[in-house]
Engineer: 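I have a structure here, written as structure tokens, and I will follow up with some questions on it.
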Amino acid sequence: MLEPTSERELLSRAHGLAGRTIDELSLTHARTSRAGHKGFVGSLVERALGLVQRGAGPDLPSLGIELKTIPIATDGRPRESTFVCMVPRDGLDHGWSESAPRSKLARVLFVPVERDGQRRVGMAFLWSPSEGDEATLASDWTELAGLLRTHGHEHVSAHHGQLMQVRPKARNAASRWRATGDDDAPMLALPRAFYLRRRFVASILSRTGMAGPRVET
DNA sequence: GGCTGATCATAA
DNA sequence: TTATGATCAGCC
């Protein structure tokens, strides 16, 4: 299967997966026998959509689209936050518009995965941040990148940021990587990444109205 | 129950 | 070893 060449085709394929169970998709698209590990569903959906799995960059470079599967609880709300990208070694002094998180979030195909006894693909949708989202994300970026530069990676907790946060992303708590600290001094730190807060993902899903029952009054 | 910090598997 | 795909565990 060739990669989709348009958003329309990508979305069409994704909608074709709606209602399919993860077990069903595994029969034809699983690559390993070790089904059920943490990144399994994400990789499985990528292959089911005909995406080539690459090392770095967007999932669909020709369209600049990132694919995210998102686990949904029975009430229609996301169960987890969403990984965006690693905290970059360089580029923390960039503005939001040139930042790594912004390029990852510019265009995203969200694929909900519901749990109703089995895990089942829901109705996918394409998303870009609204103007309001952009403004708040830019503000988060300024705060978080500033903290990472001035306080060092070890002192930035997940409490900062309204829509986006910084959390550890490592093999274990003893992992270290070379980070660039204050005044550009090299230092070792626990690897960290940017994530979208769960409540922000919930608001994205709620705006689409396609991911399950809405809890509004 | 939600959130933060910790962790797991795989490919390149 | 790093990046990508995320979910797990347990404190609050």
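Each chain gets a letter, A, B and so on, in the order the sequences are listed, and its residues count up from 1.
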Engineer: Please classify the nucleic acid contact of A/Pro191 as base, sugar-phosphate, or nothing, using heavy-atom distances under 4.0 Å.
Structural biologist: nothing

Engineer: Rounding to a whole Å, what distance do you find between A/Arg77:CZ and B/dG2:C1'?
Structural biologist: 9 Å

Engineer: So what does A/Arg192 hit on the nucleic acid, given a heavy-atom distance under 4.0 Å: a base, only sugar-phosphate, or nothing?
Structural biologist: nothing

Engineer: Is it true that A/Phe40 and A/Phe83 fall in one hydrophobic cluster, defined by side-chain heavy atoms closer than 4.5 Å?
Structural biologist: no

Engineer: Within a radius of less than 6.0 Å around CG of A/Leu27, do more than 12 heavy atoms belonging to other residues, nucleotides or ligands occur?
Structural biologist: yes

Engineer: Indicate yes or no: does A/Arg197 engage A/Asp140 in a salt bridge with an N to O separation below 4.0 Å.
Structural biologist: no

Engineer: Who passes side-chain contact (heavy atoms from CB on, under 4.5 Å) against A/Arg102, sequence neighbours left out?
Structural biologist: A/Trp96, A/Ser97, A/Ser99, A/Ala106, A/Glu134

Engineer: Could you report the tightest heavy-atom contact between A/Gly50 and A/Pro4, atom names first, then the distance?
Structural biologist: O-CD, 4.4 Å

Engineer: Does a salt bridge link A/Glu114 with A/Arg77, judged by any charged N lying under 4.0 Å from a carboxylate O?
Structural biologist: no

Engineer: Can you tell me how far C1' of B/dT4 sits from NE2 of A/His160, to the nearest Å?
Structural biologist: 12 Å

Engineer: May I ask whether A/Val108 and A/Leu63 are part of the same hydrophobic cluster, defined by side-chain heavy atoms of I, L, V, M, F, W, Y residues being less than 4.5 angstrom apart, directly or through others?
Structural biologist: no

Engineer: Please tabulate, one pair per line, each protein N/O and nucleotide N/O from nucleotides 9-12 of chain B that are separated by under 3.5 Å, including the distance.
Structural biologist:
| unit_1 | atom_1 | unit_2 | atom_2 | d |
| --- | --- | --- | --- | --- |
| B/dT10 | O4 | A/Arg171 | NH2 | 3.1 |

Engineer: Is A/Gln165 close enough to B/dC3 that one of its side-chain N or O atoms is under 4.0 Å from OP1 or OP2 there?
Structural biologist: no

Engineer: Please figure out whether A/Glu80 or A/Asp59 has its closest DNA chain C nucleotide nearer the 5' end.
Structural biologist: A/Asp59

Engineer: I'd like the 5' and 3' limits of the part of DNA chain C contacted by chain A, with heavy-atom contacts below 4.0 Å.
Structural biologist: C/dT2 to C/dC8

Engineer: From the set B/dC3, B/dG5, B/dT7, return the single nucleotide nearest to any side-chain atom of A/Tyr195.
Structural biologist: B/dT7

Engineer: Distance check, rounded to the nearest 0.5 Å: A/Leu60 atom CG versus A/Leu109 atom CG?
Structural biologist: 9.5 Å

Engineer: Taking 4.0 angstrom as the limit, do A/Arg120 and A/Glu24 come out as a salt bridge?
Structural biologist: no

Engineer: It should be established whether A/Arg167 places a side-chain nitrogen or oxygen under 4.0 Å from OP1 or OP2 of nucleotide B/dT4.
Structural biologist: no

Engineer: May I have the distance from A/Leu190 (atom CG) to B/dT7 (atom C1'), rounded to whole angstrom?
Structural biologist: 11 Å

Engineer: With a 4.0 Å heavy-atom cut-off, tell me which residues in residues 81-97 of chain A come close to DNA chain C, sorted by residue number.
Structural biologist: A/Ser81, A/Phe83, A/Met86, A/Arg89

Engineer: Enumerate donor-acceptor pairs with a distance under 3.5 Å from any side-chain N or O in residues 186-195 of chain A to protein atoms, sequence neighbours excluded.
Structural biologist:
| unit_1 | atom_1 | unit_2 | atom_2 | d |
| --- | --- | --- | --- | --- |
| A/Arg192 | NE | A/His153 | O | 2.9 |
| A/Arg192 | NH1 | A/Val156 | O | 3.3 |
| A/Arg192 | NH2 | A/Glu154 | OE1 | 3.1 |
| A/Tyr195 | OH | A/Pro168 | O | 3.4 |

Engineer: If you compare every side-chain N and O of A/Arg199 against the phosphate oxygens of B/dG2 (OP1, OP2), does one of them come in below 4.0 Å?
Structural biologist: no

Engineer: Which pairs count as ring-ring contact (aromatic ring centres under 6.0 Å, His included) when at least one residue sits in residues 54-77 of chain A, sequence neighbours excluded?
Structural biologist: none

